[in-house]
There are 2 protein chains.
Amino acid sequence: MARIDLGRATQLSPATITAITSDMLEEGLIVGIDADEPRAPLARGRPRSLLAIDGSAANVISVRISVNRIDLAMADFAGQIFHSRKVYYDATLADRGTFPATLTDAVRDFVAAAGVDPESVLEIGVASQGIVDTNKGEVVWSPAFAGRDIPVVGPLQEAFSARVTLSNDTNMITEALHWSDPERYSGTFAVIMVDYGVGMGLFLDDHLFVGASGAAAEIGHANHIPGGARCRCGRSGCLEAYLADYALLRMTQALPDVTDPASMPVTANTFEELHERAEAGDAQVIGALLQAGTALGYGVARLLAVIDPARIVLTGAGIRAYPFMEQAMHTALEDALVEDLRRSLTIDVVPWNEDFIRRGLIAQAMRRLDETLVIATRRVRTGRSSLAP
Amino acid sequence: MARIDLGRATQLSPATITAITSDMLEEGLIVGIDADEPRAPLARGRPRSLLAIDGSAANVISVRISVNRIDLAMADFAGQIFHSRKVYYDATLADRGTFPATLTDAVRDFVAAAGVDPESVLEIGVASQGIVDTNKGEVVWSPAFAGRDIPVVGPLQEAFSARVTLSNDTNMITEALHWSDPERYSGTFAVIMVDYGVGMGLFLDDHLFVGASGAAAEIGHANHIPGGARCRCGRSGCLEAYLADYALLRMTQALPDVTDPASMPVTANTFEELHERAEAGDAQVIGALLQAGTALGYGVARLLAVIDPARIVLTGAGIRAYPFMEQAMHTALEDALVEDLRRSLTIDVVPWNEDFIRRGLIAQAMRRLDETLVIATRRVRTGRSSLAP
DNA sequence: CAACTTTTTTTCGGGCGCCAAAAAAAATAG
DNA sequence: CTATTTTTTTTGGCGCCCGAAAAAAAGTTG
């Protein structure tokens, strides 16, 4: 990228850009590129001299924890992922005693296999399914663990010099959408992910919103029908109990809605199988999807009434069958909410992509890294050592 | 207030405070006070020289529109309300054709009666019951009007040189709470006002949240029971249809829940009368309040699941009977939401005070005024005229 | 009452971030 | 080779803020 374009992008004057980039060059955060840019024919003037982020300046790691599996990825300072792997563990044995060691070992092996200096890893972003407490750095409850209150940030922080951050996985999808298309995904929007459970991410007034305790946006456990269907969380009538994989199976088999979610035979392919059956015309599945669509419509209506987002994004494996839910969802939305409150809404259906969470984690880690580096840069220039008061 | 305290409050150095206050003294925004502060005995050192905001520097007006009534108040630059009046109009005749003139005339008369130069009024803050569109400056729908889409900001803006802002009335309560006790009411909290309808204000991450279209926080019309009780908005099962005055009357009289809300004989004293009957032991009223408490509990539970506020404030005339609703509300909350999501919650019950809205409007107007004055001050110092590009 | 202490306020010089204008650099066009 | 175009750098300056020192205005002490 040329300095003149940086100026346009940041709204700073060329003079300022020169000052800032020359500092960054000195510190090795960016490098000049010798290779000439392909210039348009008939282009006159001094050629642009391109700058690039020096990938080797630092590394960040993303860690995604799902049931039985830890997905690891390492990105350089340019955001390029150059190493990744999946590690398997037994979720039924993972609790606050055993999992921290499992996790730190997995990350340590991963760093060694990547062949980078452990000190070069400055940020580790962790996302987990379930309810997380960002402030405490613990996973309060998750299907990925047998126990509760699993510490994640603490153990990693001790084992590595990096800063560690724990996030809700749907929040990371929200972040990834924002970075992938800032034009479209800015301001105030909500992401609803229908998958193993039902998660939500909120982007409000141009910022990711995480709530007071960092456990925000658990729309899956917002009540849909008082005293309704049994949910995995032990309560009755949660939205999730009408939308998640186990809920769809239960409705397909016309089982009573007090049937224990844990007894339903869900697999990683449940949504895909149900979708195929629906396409084949299976009336039971289609009926279940209609019920799910209705529940989703009520959930969206309540969200609109409380938050008034300009856009709601639907994603997750469970949204594959959206065509079978769409009509019921819109009907429910119209039944549930006065027109004034829904006239400005846009609904996006984004095909599910596992990579979203990883990209969100890395985007967030990079931003945090940038913030610390700005401060570090200031110290260097001022001549203040980091040990000074 | 002494300069040294300003420094402590703003985290600026004494040197900076002197620089800024001397500019403000020059512009007449603040004045020095000659009268000595009562000093503590044994106090040594140079006595503080107190500064005060010069109230005469500017004026702001707050306008609250409710059914049949417009409440006007004028405050000076120090935030002191020195003139107020109520003006009555006929809500059944007020529509987009007639109301703008009614409003501008009322404000014009009010300014004349206050005896201030109309040019000295720099901000007008308007709050209305119902659904408002802050961006357009129109009241989309309100019980205070016969018609829909009533323009408010446009007509006032044309009639006066002031900046005009339209807000949701519950948002102004939220703002007022924040200013009255910033320690307690900061970060992320929600205000639910049960009154003629059910309104909500959200304060998220230290900012008042107004949603994408400025119509946020209409929790009253968030669905409680799909296909449930008839609401004023024309839909069924809204939270309001279980909590508002007409809903309580309907439940007290054991009328079918499809009974038209408009047919219920509500008055300004309905809540007070119901509360008295409950205290006298009227089983029908107590039963209705239990139902309302349950509905409120579900509403609070859904809000917690979506937003995760650290605190929820309950207020409004309808909350007078809270003691009769409390038990049912907590039971509903426990039934509706998994414990992890409600363990960090505090519920405040704040006795209703009509003055909240006025204070919120004035606080908001003052802040806006401060922002414009900072820019104006900069212009003065720089010597740039406001006509310069 | 002069010298010292305490507390608040002001002055002075300087750093940082940003900018406009001018200058320099590096290319093309004729 | 000169003019033109475009990008980058240099220069000087402004605004905001700060730390240190000085000044101001009181009380305390012998």
Minimum-distance pair of heavy atoms, taken over all atoms of A:P118 and A:V111: CA-CG1, 4.0 Å
How long is the line joining CD1 of B:I20 and C1' of C:dT11, in whole Å? 16 Å
From A:M366 CE over to A:D76 CG, what is the distance, rounded to the nearest 0.5 angstrom? 7.5 Å
With sequence neighbours excluded, residues passing ring pair (Phe, Tyr, Trp, His ring centres under 6.0 Å) with B:F356: none
Looking at residues at least two apart in the chain, or sitting in another chain, which of them share a ring pair (Phe, Tyr, Trp, His ring centres under 6.0 Å) with A:Y185? A:F189
Please report the shortest heavy-atom distance between B:N171 and B:G201, naming the atom on each side. OD1-CA, 3.4 Å
What is the separation between atom CE on B:M24 and atom P on C:dT9, rounded to the nearest whole Å? 15 Å
Using only side-chain N and O atoms of B:S49, determine if any of them is under 4.0 Å from OP1 or OP2 of C:dT9. yes
Does the pair B:R367 and B:D370 meet the rule for a salt bridge (charged side-chain N to carboxylate O under 4.0 Å, His left out), with working shown? CA-CA 5 Å; B:R367 183 165 50 179; B:D370 287 350; over 6 Å; no
Spacing between B:Q11 atom CD and D:dC18 atom P, to the nearest angstrom: 10 Å
Taking atom P of C:dA26 as reference, at what distance in whole Å does atom CG of A:L50 sit? 15 Å
What's the CG-P distance between A:L51 and D:dT9, to the nearest Å? 8 Å
Taking all atoms of both residues into account, what is the closest heavy-atom pair of B:I357 and B:A127, and its distance? CG2-CB, 4.0 Å
Length of the line joining B:L12:CG and D:dG19:P, which is rounded to integer Å: 11 Å
In whole angstrom, what separates A:L6's CG from D:dT9's P? 11 Å
Quick check on C:dG17: is either OP1 or OP2 less than 4.0 Å from any side-chain nitrogen or oxygen of A:T16? no
Set of residues satisfying side-chain contact (heavy atoms from CB on, under 4.5 Å) with respect to A:V164, sequence neighbours excluded: A:I124, A:V126, A:V153, A:L156, A:Q157
Atom of A:A58, atom of A:L369 and distance for their closest heavy-atom approach: CB-CD2, 4.1 Å
Are a donor atom and an acceptor atom from the side chains of B:R368 and B:T165 found within less than 3.5 Å of each other? yes
For C:dT9, take OP1 and OP2 only and decide whether either is under 4.0 Å from a side-chain N or O of B:T18. no
Mind grabbing the angle between the end helix axes of the helix from C:dC1-D:dG30 to C:dG30-D:dC1? Five pairs an end, 10° rounding. 30°
What N/O pairs connect the protein and nucleotides 1-3 of chain C at under 3.5 Å? Give each pair on its own line.
none

Residues A:G28 and A:A57: closest non-hydrogen pair is O-CB, 3.9 Å
Pairs: protein N or O with nucleotides 20-25 of chain D N or O, under 3.5 Å:
| residue | atom | partner | partner atom | Å |
| --- | --- | --- | --- | --- |
| D:dA25 | N3 | B:R46 | N | 3.1 |

OP1 or OP2 of D:dT9 less than 4.0 angstrom from a side-chain nitrogen or oxygen of A:R3, does that happen here? yes
d(CE, B:M1; C1', C:dT8) in whole Å: 15 Å
From the options C:dT10, C:dT8, C:dC19, select the nucleotide whose nearest atom is closest to the side chain of B:P14. C:dT10
Taken to the nearest 0.5 Å, the spacing of B:N168 CG from B:T134 OG1 works out to 7.5 Å
